[in-house]
Amino acid sequence: MVGVSTVVEASAEADASACADDALLQRVRDRDEAAFAELVRRHLGAVHTYLLRMTRSSADSEDLAQETFLRVWQKASAYKPGKVRATTWIHRIAHNLCVDGFRRHSAKGGHLVDSDLSNAGGGSDELADTGSDPFLQQSATETRSLLLATLSALPESQRAAFVLCQMQGFSNAQAADILRVDVRALESLLARARRTLREAISDGNEVNA
């Protein structure tokens with residue numbers, strides 16, 4: 001069980017990080033390039049991972065990540081400290097760009113999602129370690145491929161809710177802020193995504209039995 005002191009320490013660390021982000025964004029508003037570089041260093045990894053998990057395309061996720069931080073530089077004056085955390089605000093920009101990308105590709109009759117799931121990333125955090133047992137490893141690989149395929153096929157809003165809460169570590173409230181929905185709507189999206197993923201795993205296990 002996690003001790004109270006551990007929770008308090010984690011909360012204090014998160015608050016300190018948020019304050020540091022606020023200070024950096026204030027400097028970015030004044031066109032401080034060093035502050036912008038530090039902000040990118042602190043958040044690029046998480047933003048790129050989110051976009052990669054949403055698009056399943058290395059090229060698209062890299063382009064969208066670059067565009068995200070270009071928007072951060074351009075719109076730093078729009079950030080309101082205390083209203084949302086900087087990481088939430090930055091992920092909201094990334095998410096909006098991602099949605100715009102889906103819509104553009106859909107209008108052209110194409111797909112932003114890459115069919116090559118090997119680019120998806122995020123292996124160790126999605127499946128338990130199977131050790132050196134080759135049968136367990138094969139089963140884990142097949143399950144992961146099934147999960148990634150099912151995740152990619154989810155409606156964009158359900159996929160975003162699942163990725164943000166289950167894979168990126170955001171709370172339901174933070175994810176709701178990013179998606180600009182209320183918490184109840186976020187929880188509904190999350191429940192539907194989980195149900196679809198559970199059914200896919202169950203069906204896959206029946207086929208392989």
Side-chain angles (χ1 to χ4, degrees), residues 21 25 28 33 36-76 78-79 84-127 140-170 174-181 185-186 189-190 192-194 196-197 200:
D21 286 337
L25 273 167
V28 172
E33 294 184 3
F36 179 67
E38 175 62 14
L39 195 70
V40 172
R41 186 194 68 78
R42 290 167 66 92
H43 295 282
L44 177 59
V47 167
H48 180 260
T49 297
Y50 173 68
L51 292 168
L52 183 59
R53 285 167 167 165
M54 287 294 290
T55 66
R56 302 303 181 192
S57 167
S58 295
D60 287 326
S61 60
E62 289 173 4
D63 289 344
L64 288 169
Q66 290 180 10
E67 181 64 22
T68 295
F69 283 96
L70 176 60
R71 296 288 180 90
V72 169
W73 174 260
Q74 294 172 337
K75 298 179 178 294
Y79 174 67
V84 295
R85 288 181 182 250
T87 185
T88 300
W89 183 72
I90 293 170
H91 274 78
R92 182 186 293 166
I93 293 173
H95 175 74
N96 290 341
L97 287 169
C98 193
V99 171
D100 289 345
F102 285 134
R103 290 172 179 167
R104 285 195 303 272
H105 281 68
S106 178
K108 294 177 182 178
H111 300 279
L112 190 64
V113 176
D114 192 338
S115 60
D116 180 7
L117 295 178
S118 65
N119 289 331
S124 62
D125 60 344
E126 296 169 40
L127 294 172
T141 298
E142 292 173 352
T143 300
R144 179 173 181 269
S145 295
L146 176 61
L147 282 172
L148 291 175
T150 305
L151 185 63
S152 293
L154 287 175
E156 164 268 314
S157 56
Q158 291 182 32
R159 182 162 71 255
F162 185 86
V163 170
L164 288 168
C165 295
Q166 299 297 126
M167 303 169 79
Q168 297 290 117
F170 285 97
Q174 290 169 329
D177 278 338
I178 291 170
L179 301 184
R180 288 190 177 277
V181 298
L186 184 282
L189 291 170
L190 197 53
R192 280 181 279 167
R194 287 169 173 162
T196 300
L197 291 168

For the atom pair [atom1] ([X]) and [atom2] ([Y]), what is the distance rounded to the nearest 0.5 Å?
X: Arg194; Y: Leu154; atom1: CZ; atom2: CG; answer: 12.5 Å
X: Thr55; Y: Leu97; atom1: OG1; atom2: CG; answer: 12.0 Å
X: Tyr50; Y: Ile90; atom1: OH; atom2: CD1; answer: 14.0 Å
X: Ile178; Y: Leu164; atom1: CD1; atom2: CG; answer: 4.5 Å
X: Gln158; Y: Leu197; atom1: CD; atom2: CG; answer: 9.0 Å
X: Leu39; Y: Thr87; atom1: CG; atom2: OG1; answer: 9.5 Å

Margin query: Going by side chain to side chain contact (heavy atoms under 4.5 Å, CB included), name the residues that satisfy it together with Ala176, two or more places apart in sequence or in a different chain.
Written below: Val181, Val183, Leu186
Check: In chain order, what residues pass the side chain to side chain contact (heavy atoms under 4.5 Å, CB included) check against Val40, with sequence neighbours excluded?
Finding: Phe36, Leu44, Phe69
Notebook entry, point to check: Can you name the residues that form a side chain to side chain donor-acceptor pair (under 3.5 Å) with Asp177, not counting sequence neighbours?
Noted result: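 Once residues adjacent in sequence are excluded, Asp177 has no partner under the side chain to side chain donor-acceptor pair (under 3.5 Å) criterion.
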Next item on the list: Decide side chain to side chain contact (heavy atoms under 4.5 Å, CB included) for Val84 and Arg92; before the verdict, give the C-alpha distance in whole Å, the side-chain angles of both, and the deciding distance to 0.1 Å.
Entry: CA-CA 10 Å; Val84 295; Arg92 182 186 293 166; 3.8 Å; yes
Are side-chain heavy atoms of [X] and [Y] found at a separation under 4.5 Å?
X: Met167; Y: Leu151; result: yes
X: Glu67; Y: Leu70; result: yes
X: Arg85; Y: Asp21; result: no
X: Leu25; Y: Trp89; result: yes
X: Phe162; Y: Arg192; result: no

What are the two closest non-hydrogen atoms of [X] and [Y], and how far apart are they?
X: Gln168; Y: Ala46; result: NE2-O, 3.1 Å
X: His48; Y: Ser61; result: NE2-OG, 3.3 Å
X: Leu179; Y: Ser157; result: CD1-O, 4.2 Å

Checklist line | Worked check of side chain to side chain contact (heavy atoms under 4.5 Å, CB included) between Leu51 and Thr68 | finding: CA-CA 10 Å; Leu51 292 168; Thr68 295; 4.2 Å; yes
Notebook entry, point to check: Using the ring of each side chain (for Trp, its six-membered ring), is Phe170 parallel, tilted or perpendicular to His91, with breaks at 30° and 60°?
Noted result: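 Ring orientation of Phe170 relative to His91: perpendicular.
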Next item on the list: Look at atom CD of Gln74 and say whether more than 12 heavy atoms of other residues, nucleotides or ligands are closer to it than 6.0 Å.
Entry: yes
Notebook entry, point to check: Looking at Arg56, Met54, Arg53, which hits side-chain contact (heavy atoms from CB on, under 4.5 Å) with Ser152?
Noted result: Arg56
Check: Between Arg41 and Glu38, is there a salt bridge with N-O shorter than 4.0 Å?
Finding: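 Here Glu38 pairs with Arg41 in a salt bridge, since their nearest N and O are under 4.0 Å apart.
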